[in-house]
Amino acid sequence: MEHTVALKQNHIFRRLYARGESAVGRFVVVYARRNGTRTSRLGITTGLKLGHAVDRNRARRRIRECYRLQEERLKPGYDIVVVARSAAVDGDFREMQRSFLHQCKKLRLLKEEQT
RNA sequence: CAACCGGGCCGGACAGCCGCGCGGGACGGUCGAAAGGCCCACCGUGAGGAAAGUCCGGGCUCCACAGGGCAAGGAUAACGGGUAACGCCCGCCGAAGGCGACUUCAGGAAAAGUGCAACAGAAAUAGUCCGCUGCGCCCGCCGCAGCAAGGGUGGAAAAGUGAGGUAAGAGCUCACUCGCCGGCUGGAGACUGUCCGGCGCUGUAAACUCUAUCCGGAGCAACACCGUGGAGGAGACGCAUGGCUGGCCCGGCCGUCUCCGGGGAGGUGGCAUGGAGCGUGCCGGCAACGGUACGACAAGAUAGAUGGCUGUCUAAGACAGAACCCGGCUUACAGACCCGAUUGCCGG
RNA sequence: GGAGUGGUACCCAAGAGGCCGAAGGGGCUCCCCUGCUAAGGGAGUAGGCGUCUAAAAAGCGCGCGAGAGUUCGAAUCUCUCCCACUCCG
């Protein structure tokens, strides 16, 4: 990924849940907040409710792929947390991408020329 | 052909584009004084039969003991073998189930001792409620004596059947049968039997216990190393310079530097091609397995690498993701294939 | 990844081989107290599911997380599985 690193620290996750803006979709929930740098940080949460390790891994990969395919349309400099819902495991992928893009638009994460 | 039994093996493949972890890395780029680091085309490689549960056995590390015995606690349990070891595997014996192939079994000791066996029943490890027989008289739903066959209760009632015997009866006696113990026979052994002798004993040790064998404890978040800052200790410097205390000086505190120090965050090692491992042939063995020759074997992350789109294969669809490493067990599981056996039917 | 603890009625729970649908408390219903309520005191009922029934009671069967096993008999003993919770950076 071009301008994105992994978001790992638990306290940043907590801050996003508490203070960030969110958008809920059928597949995932997106939290976002400006972080004051030129790179974005992406964190993915796949809770125990989704199933066993295989299902959680799959959800995480699909979310990462979703983000990768849309990354160049997004503005850099945000902390983003994506929480998987159960449809993220085995729902239709193209529909999932559309839904994700729509949520990003709602949070004003898209670059100017795209809006 | 059908049904059933046992064992083995696989559990998606191929192609295209984009993307990911690890190892290598030309030309070049970039950072740096240098050593070297980073980026990069490309190449190699990349989850399981259960990776799972963490139920056993080891390796490894630290702690304790450093020798032996006893006690406590725990584990295992027919017998013989295999193994580094095991509670695993193989063979075999016994019991139970199945027409059979075969399957299942915590399967040592109850005749060393202790405990428990509710309710029912007369009685639960020990004698008598109904009853049977004899005798007595005040002839009654009576008393005394004998009996343990029959009835009834119960999961279990003091071997079973027949005959003799008797007042009535009883392993009281006899025959056969059943079970237990000892001898003898065969076997490596558990066991066994057209044999001999003795005995007739409730069940429960997944109750205590006894017998035999084994076991020190904790775990890779173990453990080892590096370690900015901050707190602490020691020393030096300056008082030429600043701040606080003070009217001022001395002094004290803050200050600057060096060393010591246990070590939070973080990092590195542990940690990865090799292991009590796997495949094939041959030899030994009924087998588990052992020996030998040859061959193949690069996952190693640290928020944790395999995804997305498309096509072909008649169809792609189960359970499911390595986290220090091995040997097992258990549990989950769509489908495909192979081998061997049993029973039934039909045909030759 | 590793180590451990516990599942009993609507809730909190006792029971640790037979008399156990299973103590006790909360809860629920009625009464007293109060102008009314809360608190307090007293009395009482059912306890889940199925079967039988027009409906209920009584009775019967099954139920102590689930499934096997040991025993004459299991909430209790043993094994396997499921779920919840705690600790180790």
Side-chain angles (χ1 to χ4, degrees):
Chain A
M1 305 200 193
E2 293 298 316
H3 51 75
T4 305
V5 295
L7 171 57
K8 306 174 185 179
Q9 297 92 331
N10 189 39
H11 68 270
I12 299 178
F13 276 79
R14 289 173 173 284
R15 193 163 65 202
L16 255 78
Y17 294 146
R19 307 243 180 93
E21 289 188 77
S22 65
V24 182
R26 205 161 70 75
F27 299 86
V28 295
V29 183
V30 180
Y31 293 84
R33 192 175 194 236
R34 213 189 306 264
N35 64 9
T37 68
R38 291 169 63 190
T39 56
S40 286
R41 294 187 289 189
L42 175 67
I44 301 174
T45 294
T46 50
L48 212 56
K49 272 191 295 184
L50 293 176
H52 285 136
V54 169
D55 296 324
R56 296 201 302 273
N57 284 345
R58 184 170 165 80
R60 196 181 316 124
R61 286 167 189 151
R62 281 158 64 95
I63 289 168
R64 196 165 25 233
E65 181 70 10
C66 237
Y67 182 87
R68 187 181 72 83
L69 293 171
Q70 308 299 339
E71 188 192 12
E72 56 184 21
R73 299 196 198 171
L74 301 178
K75 288 190 280 193
Y78 282 86
D79 284 345
I80 300 169
V81 165
V82 181
V83 178
R85 310 185 73 185
S86 57
V89 177
D90 50 8
D92 180 74
F93 186 77
R94 272 180 283 197
E95 207 179 310
M96 182 171 162
Q97 273 196 83
R98 270 201 302 277
S99 174
F100 177 70
L101 207 60
H102 180 75
Q103 286 166 256
C104 290
K105 191 171 171 182
K106 202 170 162 190
L107 295 171
R108 298 179 301 278
L109 293 176
L110 298 181
K111 288 180 180 170
E112 302 305 321
E113 60 266 31
Q114 294 294 329
T115 53

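Lettering of chains follows the sequences in order, A, B, ..., and the numbering in each one begins at 1. Hydrogens, waters and symmetry mates play no part in the numbers below; they use all other heavy atoms, side chains included.
The two atoms that bring Phe93(A) and Glu65(A) nearest to each other are CZ-CG, 3.7 Å, heavy atoms only.
Regarding the sugar-base torsion, G11(B) falls in the anti class, its angle being beyond 90° of 0.
Of all nucleotides listed (A320(B), C309(B), G308(B)), G308(B) comes nearest to the side chain of Arg58(A). Ranking G321(B), G308(B), G304(B) by closeness to the Glu65(A) side chain, first place goes to G308(B).
No side-chain donor-acceptor contact under 3.5 Å links Thr45(A) and Tyr31(A). Counting only N and O atoms by type, the side chains of Gln103(A) and Ser99(A) include a donor and acceptor under 3.5 Å apart.
Residues Tyr78(A) and Leu107(A) fail the side-chain proximity criterion, which asks for heavy atoms closer than 4.5 Å.
The residue among Val54(A) and Gln97(A) whose nearest nucleotide of RNA chain B lies closer to the 5′ end is Gln97(A).
For U310(B), one of the phosphate oxygens OP1 or OP2 lies less than 4.0 angstrom from a side-chain nitrogen or oxygen of Arg94(A).
For Arg98(A), there are no salt bridge (Lys or Arg N to Asp or Glu O under 4.0 Å) partners, not counting sequence neighbours.
Within the shown strands, G160(B) is the pairing partner of C176(B) under the Watson-Crick or G-U definition, both distances less than 3.5 Å.
Contacts between residues 83-93 of chain A and RNA chain B, defined by a heavy-atom separation below 4.0 Å, involve Phe93(A), listed by number. In the region residues 19-32 of chain A, proximity to RNA chain B at under 4.0 angstrom, judged on heavy atoms, holds for none of the residues.
In this structure, Arg56(A) reaches neither bases nor backbone, as no heavy-atom distance under 4.0 Å exists between it and the strands shown.
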